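Working notes, beginning with the structure itself.
A quick note: this is a predicted structure, and the numbers were derived from the prediction, not measured. Count residues from 1 along the sequence.
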Amino acid sequence: MHFQLQLPVSPWVQHSSLINPRYITAAHVTKSHRKLLLKSGPLVQQLNADPPGQIKENPEQMTQVQQSRQRLMREVCAKYTSGTTKQTITRIHVSRIFVEDKHKLLYCEVPKAGCSNWKRVLMVLQGLASSTGEIQHDEVHYGNHLKRLDSFDQKDIIHHLKTYTKVLFLREPFERLVSAFRDKFESPNSYYHPVFGKPIISKYRSNATQYALRTGAGVTFKEFIQYLLDVHRPVGMDIHWEPVGHLCSPCLLDYDFIGKFETLEEEANFLLRSIGAPSNLTFPSFKDRNPNAERTSLEITKRYFAQLNVTERQRTYDFYYMDYLMFNYSKPFKDLH
């Protein structure tokens, strides 16, 4: 079942998604696009039928919420991509998308927004497991059981995009960022500490100890933000904190279903019923990495951002500005503009 509004295909659907996603900086958004995006009125206020934590009690409400989210995404994309040259969909645009053939589902993976449990659900839908509870963390992330859309040739990529239900689940950007930081830098990690931690400490910490330089352990949130905002980063971007607009190319791919982490189980289960998933399959609620750690909340997020000065908070907001605007999240701090 598709949730697309029955609208004519607009030319902006074929346009570039967020300039070149590999090189965009906050400056691109704030200087080049804010006036363009906002000159025809406050989009978010026009379409704000989706307050955080809203409970959707029936299918009609859920469908209306979906239509509202799609309309906002399309309006922001139409303004953002206005006047840009057409761009062909390439493998890089679909590299984060998993393919589930049995129910004709395409799911774009957004880390820290329920993606581990979504991959479990896809494995059950595909017939690779009988229940989500039996699938271990390493099996989800390293088992290579699910196909990605970029493994197909160009003709098949376009065919899948036209005929399958395209699904995107995302999360409040600052909360997702803090969740990623806590997971990758505050817990033991044999990849993120040496690969990201060492260059971050080396560049942004004066008088770093030999132990910190050798192990990359103990990166502070302020150091992490310095790295994130640096146009000359000592190490590249990572999918866990890359903006959703870059990861999933919503302006180019025009998703059929836009779900939110804040109402994840309810919306995921609505989608599963809509596509004809087995009636006993429901979206799992367990947290499989650091299960004893408190789930990152708005309150926890505010504690981390309190470690930053006003300029750092503003620049981080600018970095995720398109995600905030396109997906209708309100400003997390009153002093942001």
Side-chain angles (χ1 to χ4, degrees), residues 18-19 24-54 68-69 72-73 75-77 79-80 110 112-113 170-186 200 203-206 219-233 237-238 240-247 260-263 294-337:
L18 302 184
I19 315 175
I24 193 165
T25 67
H28 283 115
V29 171
T30 53
K31 291 179 182 175
S32 304
H33 297 94
R34 282 198 178 206
K35 288 180 183 176
L36 173 69
L37 285 162
L38 299 176
K39 69 180 179 184
S40 67
L43 284 166
V44 174
Q45 281 83 345
Q46 289 171 14
L47 296 167
N48 194 358
D50 183 21
Q54 177 183 347
S68 174
R69 289 178 187 170
L72 175 60
M73 179 185 72
E75 287 206 13
V76 172
C77 286
K79 292 188 186 314
Y80 188 85
V110 176
K112 312 312 297 177
L170 41 91
R171 185 176 186 176
E172 201 283 333
F174 276 15
E175 202 171 292
R176 176 174 166 246
L177 180 66
V178 170
S179 177
F181 172 77
R182 294 175 72 209
D183 184 26
K184 304 308 177 190
F185 295 101
E186 292 188 342
I200 287 174
K203 182 164 185 180
Y204 305 111
R205 185 181 300 180
S206 55
V219 170
T220 67
F221 187 62
K222 194 177 183 77
E223 290 166 344
F224 174 64
I225 295 299
Q226 285 179 282
Y227 143 79
L228 184 77
L229 301 176
D230 190 347
V231 293
H232 303 293
R233 294 186 194 99
M237 276 296 289
D238 182 85
H240 290 83
W241 44 85
E242 192 167 11
V244 173
H246 303 180
L247 278 175
K260 292 193 172 182
F261 183 81
E262 292 75 19
T263 40
E294 187 181 354
R295 198 185 288 275
T296 301
S297 64
L298 184 60
E299 288 309 307
I300 288 175
T301 300
K302 286 181 176 178
R303 287 209 299 269
Y304 279 81
F305 272 85
Q307 301 168 33
L308 308 180
N309 61 38
V310 175
T311 302
E312 289 165 332
R313 283 205 298 271
Q314 180 65 49
R315 289 187 61 214
T316 308
Y317 178 69
D318 292 342
F319 188 85
Y320 291 103
Y321 181 68
M322 286 301 293
D323 283 2
Y324 272 101
L325 190 64
M326 192 182 300
F327 301 116
N328 203 12
Y329 283 107
S330 57
K331 291 179 187 175
F333 296 97
K334 290 179 181 175
D335 59 1
L336 297 172
H337 56 267

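- If you take OG on S179 and NZ on K184, they are separated by 9.0 Å, rounding to the nearest 0.5 Å.
- In summary, D230 and K203 engage in a salt bridge, as defined by a charged side-chain N under 4.0 Å from a carboxylate O.
- Atom CE of M237 and atom CD of E242 lie 5.0 Å apart (nearest 0.5 Å).
- In this structure, the side chains of I300 and R303 come closer than 4.5 Å at one or more pairs of heavy atoms.
- Put simply, the side chain of F224 reaches to within 4.5 Å of the side chain of L177, judged on heavy atoms.
- A cation-pi arrangement is found for K260 relative to Y329, the charged atom lying closer than 6.0 Å to the ring centre and inside a 45° cone about the ring normal.
- Taking CG of D238 as the reference point, atom CZ of R233 lies at 11.0 Å (rounded to 0.5 Å).
- Ring to ring, Y324 and Y320 are not that close: their centroids are 6.0 angstrom or more apart.
- Counting heavy atoms from C-beta outward, I225 and T316 have side chains that approach closer than 4.5 Å.
- Distance CH2/W241 to CG/L228: 8.5 Å, rounded to 0.5 Å.
- No side-chain heavy atom of F327 sits less than 4.5 Å from a side-chain heavy atom of P173.
- Counting heavy atoms from C-beta on, the side chains of E186 and F181 come closer than 4.5 Å.
- Judged by distance alone, the side chain of R171 and the main-chain N or O of V110 form no donor-acceptor pair under 3.5 Å.
- Closest approach of R69 and T263 over heavy atoms only: NH2-OG1, 4.3 Å.
- Using modelled atom types, one finds a donor on one side chain and an acceptor on the other under 3.5 Å when comparing Q314 with D318.
- The shortest distance between side-chain heavy atoms of M322 and V76 falls below 4.5 Å.
- In this structure a side-chain-to-backbone donor-acceptor pair under 3.5 Å is missing from R205 to I200.
- When every heavy atom of R176 is checked against every heavy atom of V244, the shortest pair comes out as NH1-CG2, 4.1 Å.
- A donor-acceptor contact shorter than 3.5 Å links the side chain of E312 to the backbone of N309.
- The CD atom of E175 lies 10.5 Å from the NZ atom of K302; values are rounded to the nearest 0.5 Å.
- In this structure, M326 and Y80 have side chains that are not in contact, with every pair of non-hydrogen atoms separated by 4.5 Å or more.
- Checked against ring-ring contact (aromatic ring centres under 6.0 Å, His included), F305 has the following partners two or more places apart in sequence or in another chain: F174, F221, F333.
- Here the side chain of R313 pairs no donor or acceptor atom with the backbone of L336 at under 3.5 angstrom.
- In this structure, CD in E223 is found 10.0 Å from CZ in F185, a value given to the nearest 0.5 Å.
- Residues Q226 and Y204 come closest through the heavy atom pair OE1-CB, 3.6 Å.
- E262 places a side-chain N or O within donor-acceptor distance of the main-chain N or O of E172, the cut-off being under 3.5 Å.
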